[in-house]
J.: 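Before I ask anything, let me first share the structure, which is written out below as structure tokens.
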Amino acid sequence: MILVTGATGHVGGELTTRLVRSGRPVRALVRNGAEPPAGAEAAVGDLDHPESLRPALDGVRAVFLLPGYADMPGLLGECARAGVEHVVLLSSIAAPDGDMDNAISRFMILSEEAVRASGLPWTILRPSGFMSNTFQWTAQLAAGDVVRAAFPTVAVAMIDPYDIAAVAARVLLDPDHHGRAHALSGPEPLLPVDRVRVLGEVLGRPLRFEGLTDEEAREEMEAGGTPTAYVDAFFRYYADGTLDDSRVRPTVTELLGRPPRTFTQWARAHANAFQEER
Ligand SMILES: NC(=O)c1ccc[n+]([C@@H]2O[C@H](COP(=O)([O-])OP(=O)(O)OC[C@H]3O[C@@H](n4cnc5c(N)ncnc54)[C@H](OP(=O)(O)O)[C@@H]3O)[C@@H](O)[C@H]2O)c1
């Protein structure tokens, strides 16, 4: 049995669906009342309360684990107690910067440390920024044809969560990947204006991009509920330039035997989400 955490989210949802389709036994961790992806067995648990995962971990051989929860060592302890044989941790390309003063890097670094210290066989996935971050534009796209976004000059080799899930499914329970960290990216660096152009083509709309100034970006992020420590973290990465997330890596192709999906493919797969809002 494989336990997928974050099963209602972008990566965990893709992974659960993929494992169901391939006929592998999969259990989806959900919070109370949430529906798992079709065909998956659901188990209720809260990642901020490790003991709540005991029923979900019963009989589990491998776990796909999200980072950044209150007690990562406690979560790993519950995995060990249940006899789990492999943990695949979703981390970030930012983790290797070692910057403990950056709130996002910090929770990734601490999560990786907890996995390494757990004594369990592990594999760490370090993806670039997700193409699904584009859903942040849904409300603007429902309101009109102008997309305003932060950090207009920062290119990111964005990856489709579909590919992160495909890599996770590939490495889960494969001892060849024990003790390895895989840095993953999409196929090309994209500026926000590039994503707007592709979305316009796919949706058949005359979309236009406007970059936010740093002051406007900070205001919008804080008004949107992003905690100040995370706003600071994004400014450190993208305004101070501590993170280069534009680098294209060969890993997805090497691990899957095919190139990573393009942003056009992502946009076509999710076009309904933007059209339904109008
Ligand atoms: N976005 C990026 O560019 C990026 C880049 C690198 C790494 N990451 C990391 O990747 C992770 C996963 O991203 P994603 O886009 O797949 O996430 P997502 O779509 O935001 O989904 C988060 C998932 O975690 C679940 N969850 C949240 N708190 C929980 C809790 N206390 N107990 C149990 N489940 C809980 C949510 O369940 P509910 O449905 O109940 O809320 C949901 O299934 C992120 O959290 C981030 O740390 C993101």
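These figures come from a predicted structure and were not determined experimentally. In each ligand, atom 1 is the first atom listed, and ligand 1 is the first ligand listed. Numbers for residues simply follow the sequence, beginning at 1.
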J.: Is Thr5 touching ligand 1 with its side chain, its backbone, both, or neither, if touching means heavy atoms under 4.0 Å apart?
T.: neither

J.: Answer yes or no for atom 11 (C) of ligand 1: protein heavy atom present at a distance under 4.0 Å?
T.: yes

J.: What is the nearest protein non-hydrogen atom to atom 15 (O) of ligand 1, stated with its residue, atom name and distance?
T.: His10 ND1, 3.1 Å

J.: What is the closest protein heavy atom to atom 7 (C) of ligand 1, and at what distance does it sit?
T.: Ser91 O, 3.2 Å

J.: Which distance, rounded to the nearest 0.5 Å, do you find between the OG of Ser52 and the CG of Leu47?
T.: 7.5 Å

J.: Just checking Tyr237 against Phe151, ring centres under 6.0 Å apart?
T.: no

J.: Please determine which of Arg249, Glu112, His182 meets the side chain to side chain contact (heavy atoms under 4.5 Å, CB included) test together with Arg126.
T.: Glu112

J.: Under 6.0 Å between ring centres: does that hold for His10 and Phe135?
T.: yes

J.: Of the options Val146, Leu199, Val198, which is the one that meets Leu207 in a side chain to side chain contact (heavy atoms under 4.5 Å, CB included)?
T.: Leu199

J.: Determine whether the aromatic ring centres of His177 and His86 lie less than 6.0 Å apart.
T.: no

J.: Among all protein heavy atoms, pick out the one at the shortest distance from atom 31 (N) of ligand 1; state its residue, atom name and that distance to 0.1 Å.
T.: Asp46 OD1, 2.8 Å

J.: Salt bridge or not for Glu222 and Arg218, using N-O below 4.0 Å?
T.: yes

J.: Any Lys/Arg nitrogen of Asp99 or Arg236 sitting under 4.0 Å from an Asp/Glu carboxylate oxygen of the other?
T.: yes

J.: Note the single closest protein heavy atom to atom 27 (C) of ligand 1, along with its residue, its atom name and the distance in Å.
T.: Tyr69 OH, 3.2 Å

J.: What are the atoms of ligand 1, with element, lying closer than 4.0 Å to any heavy atom of Gly129?
T.: 3 (O)

J.: At what distance is the nearest protein heavy atom to atom 13 (O) of ligand 1, and which residue and atom is it?
T.: Phe130 CE1, 3.4 Å

J.: Just let me know how Val30 lines up against ligand 1, side chain, backbone, both or neither, with a heavy-atom cut-off below 4.0 Å.
T.: neither

J.: Is there a donor-acceptor contact under 3.5 Å from the side chain of Glu188 to the main chain of Ala157?
T.: no

J.: Has ligand 1 got any nitrogen or oxygen that is less than 3.5 angstrom from a nitrogen or oxygen of Pro67?
T.: no

J.: Return the residue, atom name and 0.1 Å-rounded distance of the protein heavy atom closest to atom 16 (O) of ligand 1.
T.: Val11 N, 2.9 Å

J.: Is a donor on one side and an acceptor on the other found under 3.5 Å between the side chain of Asp71 and the backbone of Gly74?
T.: yes

J.: Thinking salt bridges, do Asp176 and Arg170 make one under a 4.0 Å N-O criterion?
T.: no

J.: Looking at Arg205 and Asp145, is there a salt bridge between them, counting it only when a charged N and a carboxylate O are closer than 4.0 Å?
T.: yes

J.: Determine whether any protein heavy atom is located less than 4.0 Å from atom 20 (O) of ligand 1.
T.: no

J.: Taking atom types as modelled, find out whether Ser105 and Asp97 have a side-chain donor-acceptor pair closer than 3.5 angstrom.
T.: yes

J.: Determine whether the side chain, the backbone, both or neither of Asn133 has a heavy atom under 4.0 Å from any heavy atom of ligand 1.
T.: side chain

J.: For ligand 1, indicate whether the residue Pro161 contacts it via side chain, backbone, both or neither (heavy-atom separation under 4.0 Å).
T.: neither

J.: Heavy-atom distance under 4.5 Å between the side chains of Phe263 and Asp194, does that happen here?
T.: no

J.: Closest non-hydrogen protein atom to atom 32 (N) of ligand 1, residue and atom name please, with distance?
T.: Leu47 N, 2.8 Å

J.: Identify, by atom number and element, the atoms of ligand 1 in contact range of Ser128, meaning under 4.0 Å from any of its heavy atoms.
T.: 5 (C)

J.: Do any nitrogen or oxygen atoms of Ser132 lie less than 3.5 angstrom from nitrogen or oxygen atoms of ligand 1?
T.: no

J.: Are any of the N or O atoms of Leu90 closer than 3.5 Å to those of ligand 1?
T.: no

J.: Arg126 near ligand 1, heavy-atom distance under 4.0 Å?
T.: no

J.: Identify, for atom 39 (O) of ligand 1, the protein heavy atom at the shortest distance, and state residue, atom and that distance.
T.: Thr8 OG1, 2.5 Å

J.: Could you tell me whether the side chains of Thr134 and Arg195 share a donor-acceptor contact shorter than 3.5 Å?
T.: yes

J.: Protein heavy atom under 4.0 angstrom of atom 45 (O) of ligand 1, is there one?
T.: no

J.: Does some non-hydrogen atom of Gly45 fall short of 4.0 Å from ligand 1?
T.: yes

J.: Could an N or O of ligand 1 be found under 3.5 Å from any N or O of Arg31, whether backbone or side chain?
T.: yes

J.: Between Ala94 and ligand 1, find which residue part has any heavy-atom pair under 4.0 Å and reply side chain, backbone, both or neither.
T.: neither

J.: Counting each atom of ligand 1 from 1 as listed, which ones have a heavy atom of Asp48 under 4.0 Å away?
T.: 31 (N)

J.: Do any N/O atoms on Ser92 end up under 3.5 angstrom from N/O atoms on ligand 1?
T.: no

